[in-house]
Number of protein chains: 2
Amino acid sequence: MTQAAQAHDLKLTKNQHLVLSVLESSRQPLSAYSILDRLRGHGLKAPLQVYRALEKLLEAGRVHRLESMNAFVVCCHSRHGQIHPRITAFEICESCGKVNEFHDEKVESALIQHARSSGFKIRASAIEVHGLCADCH
Amino acid sequence: MTQAAQAHDLKLTKNQHLVLSVLESSRQPLSAYSILDRLRGHGLKAPLQVYRALEKLLEAGRVHRLESMNAFVVCCHSRHGQIHPRITAFEICESCGKVNEFHDEKVESALIQHARSSGFKIRASAIEVHGLCADCH
DNA sequence: AATGGAAAGTTATGTAATAACATTATTGAA
DNA sequence: TTCAATAATGTTATTACATAACTTTCCATT
Ligand SMILES: [Zn+2]
Ligand SMILES: [Zn+2]
Ligand SMILES: [Zn+2]
Ligand SMILES: [Zn+2]
């Protein structure tokens with residue numbers, strides 16, 4: 001991700017703002033189509049309008065995609081303009097749907113060390129743990 | 001996963017055997033539909049035939065699903081009947097498509113430790129690292 | 001042979017994502 | 001300001017991924 005893409009003061013377009021607002025007001029990850037459903041009242045009609053906004057929000061580091069759910073969540077650093085840690089992981093509650101984004105130095109160094117030892121060059125990662133959150137068990 | 005499900009001498013049905021054979025003979029992960037395409041000559045016609053076989057093979061621990069690719073790979077322990085490690089991770093080459101399944105004690109303990117500290121109870125995990133393998137960079 | 005459960009077959013449908021192309025809005029020189 | 005380049009939108013259609021619902025076949029056990 002470029003430094004420019006990390007600048008959170010970048011102005012969002014109308015559709016990008018709409019999509020981000022829906023994600024911010026949700027306590028669970030949302031699929032592109034359920035985002036669309038919530039925005040039909042605001043003039044959005046086609047999946048592509050949502051997918052294009054999501055693409056930009058992903059590039060800007062303001063949302064994350066959960067690969068194992070085909071769903072999207074707002075990044076917990078989205079509002080602060082800080083540098084985003086490299087390796088991101090998620091704990092996803094199968095009961096209440098809550099997602100905990102976290103950045104664990106040990107997870108990161110273990111993956112980096114393994115990659116180094118196997119000659120693998122990391123470009124991206126998806127680390128998603130499913131189970132029950134503290135409230136739900 | 002039950003102990004029974006780990007018993008690799010369990011007899012596979014015709015469709016399960018066909019699907020597993022296709023995955024074993026592929027050097028890359030395959031989507032359900034591309035598995036189906038390779039099995040049309042053997043009488044398979046519908047996606048469900050493949051998905052049902054995959055479901056059983058997943059339960060039996062003989063294949064893994066790559067969440068970030070909507071694709072499936074044969075488990076590297078598939079032939080040996082050994083107990084499968086709890087936490088599995090994958091390095092996926094974006095150039096040649098090769099997948100390296102690995103089990104890293106440090107990754108595992110870091111995730112378990114984080115879950116403990118946040119009160120999260122792990123049931124399943126998807127750890128998928130994308131990049132370039134040693135041969136490709 | 002009768003029976004019950006697992007697997008397989010079949011058709012239809014639901015969900016996720018992108019292709020292709022036309023239009024409008026923004027930006028940034030000349 | 002004017003105009004060309006770029007970015008964003010709108011729209012329709014299509015492709016890719018996955019499951020629902022129901023029927024039939026297979027096979028082991030009684
Ligand atoms: Zn984040
Ligand atoms: Zn919960
Ligand atoms: Zn495995
Ligand atoms: Zn490679």
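Residue numbering restarts at 1 for every chain, and letters A, B, ... go by the order of the sequence lines. All values below were derived from every heavy atom in this structure, side-chain atoms included, with hydrogens, water molecules and symmetry-related copies excluded. Note that the structure is a prediction, hence the values are computed from the model and not measured.
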Length of the OH-P vector between B:Y33 and D:dA16, whole Å: 10 Å
Between B:F72 and B:H64, ring centroids under 6.0 Å: no
Separation of D:dT23 C1' from B:K45 NZ (nearest whole Å): 15 Å
Spacing of B:R52 atom CZ relative to C:dG5 atom C1', expressed in whole Å: 14 Å
side-chain N/O B:Y51 vs D:dT19 OP1/OP2, d < 4.0 Å: no
Rounded interatomic separation in angstrom, taking CG from B:L58 and P from D:dT19: 11 Å
Gap between atoms CD and P, on B:Q16 and D:dC27 respectively (whole Å): 13 Å
Nearest-neighbour nucleotide for the A:L48 side chain, C:dT10, D:dT9, C:dT18 considered: C:dT18
Residues A:K106, A:E108; criterion salt bridge (Lys or Arg N to Asp or Glu O under 4.0 Å); working and verdict: CA-CA 5 Å; A:K106 285 180 182 162; A:E108 172 162 348; over 6 Å; no
Among C:dG9, C:dT18, C:dA20, the nucleotide that comes nearest once only the side chain of B:Q49 is considered: C:dG9
A:K56 side-chain proximity, nearest of D:dA18, C:dT18, D:dA8: D:dA8
pair A:E94-B:R123: side-chain heavy atoms closer than 4.5 Å: yes
Side-chain N,O (A:N70) to OP1/OP2 (C:dT15) below 4.0 Å: no
For atom CE of B:M69 and atom C1' of D:dA16, their distance in whole Å: 14 Å
Side chain proximity check, B:V19 to B:L39, heavy atoms < 4.5 angstrom: yes
Selection from D:dA18, C:dA8, D:dA8 that lies nearest to any side-chain heavy atom of B:T13: C:dA8
Side-chain donor-acceptor contact under 3.5 Å, A:E101 with A:H103: yes
d(CG, B:N15; P, D:dT25) in whole Å: 16 Å
Length of the line joining B:K14:NZ and C:dA7:C1', which is rounded to integer Å: 11 Å
